[in-house]
Amino acid sequence: MPSTAIVGLQWGDEGKGKIIDSLAAQADVVARYAGGNNAGHTVIVQDEKFVLHLIPGGILHDGTINLIGRGLVVDLGALIEEIDGLSARGIPVEERLRLDGSAQVIFPYHRHVDGLVEKWRGKGRIGTTGRGIGPAYADKVARTGIRVADILDEKVFEQRLLAALAEKSAVIEKVYGQAPENYEELFETSRAQAERLRPLIVDGGALLRDASQEGKRILFEGAQGSMLDLDAGTYPYVTSSWTGIWGIAGGTGFPPNRLSRSLAVTKAYCTRVGEGPFPTELFGEMGERLREAGNEYGATTGRPRRCGWFDMLASRYAAELNGLDGVFMTNLDVLSGFETIGVGMGYKTPQGEVSRFPAEFSSLEQVEPIWIEMPGWSEDITSVQSYSDLPETAQDYLRFLEKGLGVPIERVSVGPDRCQSFLGENGQENLW
Ligand code: GDP
Ligand code: IMO
Ligand code: MG
């Protein structure tokens with residue numbers, strides 16, 4: 001029955017991992033619906049750090065089923081490594097994890113092509129995570145992809161892999177001048193990986209629809225952010241999947257009209273990894289200061305994240321698209337010590353000033369933000385446990401963002417640990 005979506009409102013890394021983990025305590029099922037191991041979702045529990053890439057963020061909770069939905073592209077080797085890593089830390093992963101047999105598989109040739117294409121793009125590169133995401137989704141759309149369940153049937157797999165490799169090897173050899181893929185090795189490795197995962201493989205859509213019928217609580221976990229969405233994001237500097245709530249139905253098999261709440265996570269400022277337009281980016285000392293204060297280095301690739309002030313236009317656009325009911329505001333603590341805090345409220349474009357996010361993204365590279373400056377605060381707020389204990393200026397900053405976004409701030413997060421968050425001024429206790 002109650003089913004809540006938690007998506008990223010910006011360019012990813014908003015703190016979804018932390019928020020999903022904290023809500024998962026009340027969920028029966030947590031389902032990922034898009035992306036792959038390009039995601040890096042951090043959960044910190046009493047100084048113990050977990051970075052999840054493919055495994056959904058309810059995995060630390062007893063009694064929660066974690067589904068990797070059919071909309072993902074799954075690197076089976078990376079998944080097994082993640083399962084083994086968590087199991088070694090005492091988490092009964094295999095009891096709690098399920099994998100939809102219809103999810104697409106990322107093979108080594110996808111990773112290989114991801115790297116080759118990025119190199120070939122040169123200055124025009126996207127700055128991908130190099131995990132093979134784009135090439136695997138391209139194969140899915142071209143109908144040359146291979147699904148997890150296909151590997152379980154030796155004959156089907158043989159036929160599909162031979163067909164796929166005929167094309168991939170030709171491209172790798174003839175276009176990029178590299179050694180072709182080894183069929184036997186790939187066949188054997190993938191078969192062994194799929195057999196290992198067999199007990200976890202299910203019809204994920206049926207699992208979710210049944211759970212909903214039984215009145216269970218489902219949490220849908222977004223990966224990446226709405227501004228990296230294939231259609232809604234800053235194309236072509238996007239990922240290759242549908243990251244907003246519109247990706248849930250296709251990426252899981254759960255009917256869209258059954259979704260009860262749309263929530264999103266946003267930082268109290270903005271970050272982006274990889275290339276592409278970022279209107280409110282800060283350069284030089286200020287950008288560096290934000291990066292160091294927020295420890296803004298990628299959870300997947302370790303790359304320094306580009307940092308900037310909150311972008312009201314982009315965030316409002318993403319809030320509209322997701323039909324948002326509320327937001328989680330993370331990393332407010334990182335802003336402590338800044339004398340003033342900027343918010344981008346509009347853009348100056350070659351065609352004049354705009355106060356709505358432009359549909360024409362190619363011009364975004366040239367826009368200049370129209371800033372408003374808010375007074376900062378100097379106090380360390382990482383131990384604050386309630387809204388009213390925040391410094392006045394921090395409360396005013398949140399009120400300003402809430403008003404601009406037009407939805408309530410449900411929770412405020414003031415540190416990476418599970419327990420460092422509290423109810424927003426207009427937040428509701430019950431999010432289901
Ligand atoms: P995700 O991809 O959206 O799950 O986010 P990441 O895990 O990639 O990046 C978010 C980073 O911010 C992680 O290092 C988190 O531990 C950290 N984090 C989450 N919430 C907060 C917060 O409120 N304050 C601070 N300082 N760090 C946070
Ligand atoms: P989470 O779930 C931040 C970015 C990459 C690159 C672009 C395309 O942790 O928020 P891809 O490898 O997907 O083809 O790369 O998307 N990107 C992310 N940035 N957080 C992520 O995930 C990301 N996943 C992909 O940096 O710019
Ligand atoms: Mg991340």
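Side chains included, hydrogens not; waters and symmetry mates left out as well; all remaining heavy atoms used. Whatever order the structure lists ligands and atoms in, that order sets their numbers, starting from 1.
Scanning all protein heavy atoms for the shortest distance to atom 15 (O) of ligand 2 gives Thr128 CA, 3.4 Å. Nearest protein neighbour of atom 13 (O) of ligand 2, counting heavy atoms only, is Thr239 OG1, 2.6 Å. Regarding atom 3 (C) of ligand 2, its nearest protein heavy-atom neighbour is Asp13 OD2, 3.2 Å. Atom 16 (O) of ligand 2 has as its closest protein heavy atom Leu228 CD2, 3.7 Å. Of the protein's non-hydrogen atoms, Pro416 CB, 4.1 Å is the one closest to atom 17 (C) of ligand 1. Atom 24 (N) of ligand 1 has Asp333 OD1, 2.8 Å as its closest protein atom, hydrogens excluded (heavy atom only).
At least one heavy atom of Arg305 sits less than 4.0 Å from an atom of ligand 1. Note on ligand 2: Arg305 sits outside its first shell, no heavy atom being nearer than 4.0 Å. Residue contacts with ligand 2: Tyr237 is excluded, as none of its non-hydrogen atoms falls under 4.0 Å. No heavy atom of Gly225 sits closer than 4.0 Å to any atom of ligand 2. Residue-ligand proximity: Arg272 is placed with every non-hydrogen atom at 4.0 Å or more from ligand 2. Note on ligand 2: Val238 sits in its first shell, one or more heavy atoms being nearer than 4.0 Å. Residue contact check for ligand 1: Gly415 places a non-hydrogen atom closer than 4.0 Å to it.
Cation-pi geometry between Arg32 and Phe220 is not satisfied (NZ or CZ under 6.0 Å from the ring centre, within 45° of the ring normal). For the pair Arg356 and Tyr317, the NZ or CZ position fails the cation-pi test of under 6.0 Å to the six-membered ring centre and within 45 degrees of the ring normal.
Defined by atom type and a distance below 3.5 Å, a donor-acceptor pair is present between the side-chain atoms of Glu296 and Tyr269. A donor atom on one side chain and an acceptor atom on the other are not found under 3.5 Å apart for Tyr397 and Glu402. Between the side chains of Trp377 and Ser336, a donor-acceptor pair is found at a separation under 3.5 Å. Residues Gln10 and Thr266 bring a donor and an acceptor atom of their side chains to less than 3.5 Å of each other.
At a 4.0 Å heavy-atom cut-off, ligand 1 touches Val334 through the side chain alone. Neither the backbone nor the side chain of Arg131 comes within 4.0 Å of ligand 2, counting heavy atoms alone. Only the side chain of His41 comes within 4.0 Å of ligand 2, judged by heavy-atom distances. At a 4.0 Å heavy-atom cut-off, ligand 1 touches Ser413 through backbone and side chain alike.
Those atoms of ligand 1 with a heavy atom of Glu14 less than 4.0 angstrom away are 3 (O), 5 (O). Of all the atoms in ligand 2, the ones that sit under 4.0 Å from a non-hydrogen atom of Trp11 are 3 (C), 19 (N). Residue Ala299 approaches ligand 1 through these ligand atoms, each under 4.0 Å from one of its heavy atoms: 8 (O). In the vicinity of Arg303, heavy-atom distances shorter than 4.0 Å reach the ligand 2 atoms 5 (C), 26 (O). Each of the following atoms of ligand 2 lies closer than 4.0 Å to a heavy atom of Ala39: 1 (P), 2 (O), 9 (O), 22 (O). Close contacts between ligand 2 and Lys16 involve ligand atoms 1 (P), 2 (O), 10 (O) [criterion: under 4.0 Å to a heavy atom]. Atom numbering of ligand 2 starts at 1 in the shown order; those under 4.0 Å from a heavy atom of Ile126 are 8 (C), 27 (O). Here is the list of ligand 2 atoms found below 4.0 Å of a heavy atom in Ala223: 2 (O). Taking every heavy atom of His41 and a limit of under 4.0 angstrom, the matching atoms of ligand 1 come to 1 (P), 2 (O), 4 (O), 7 (O).
Residue nearest to atom 5 (C) of ligand 2, selected from Pro236, Gly274, Gly233, Gly127: Gly127 (by heavy-atom distance). When Gly12, Ser421, Gly17, Gly40 are ranked by how near their heavy atoms come to atom 6 (P) of ligand 1, first place goes to Gly40.
In the displayed structure, Glu81 atom CD is contacted under 6.0 Å by at most 12 heavy atoms of other residues, nucleotides or ligands.
Annotation for Asn322 and Ser226: closest pair ND2-OG, 3.0 Å, computed over non-hydrogen atoms. Nearest heavy-atom pair, Thr129 versus Arg131, reported as atom, atom and distance to 0.1 Å: O-NH1, 2.9 Å.
Closest N/O/S atom of Asp13 to the Mg ion (ligand 3): OD1.
Lys18 has no carboxylate O lying under 4.0 Å from a charged side-chain N of Asp21, or vice versa, which leaves the two without a salt bridge. A salt bridge does not link Asp84 with Arg89: none of the charged nitrogens is closer than 4.0 Å to a carboxylate oxygen. Between Arg261 and Glu410 there is a salt bridge, since at least one side-chain N of the basic residue sits less than 4.0 Å from a carboxylate O of the acidic one.
Looking at ligand 1, you won't find any N or O of Lys18 less than 3.5 Å from one of its N or O atoms. The shortest N or O to N or O distance between Val273 and ligand 2 is under 3.5 Å. At a 3.5 angstrom cut-off on N or O pairs, Thr42 counts as close to ligand 1.
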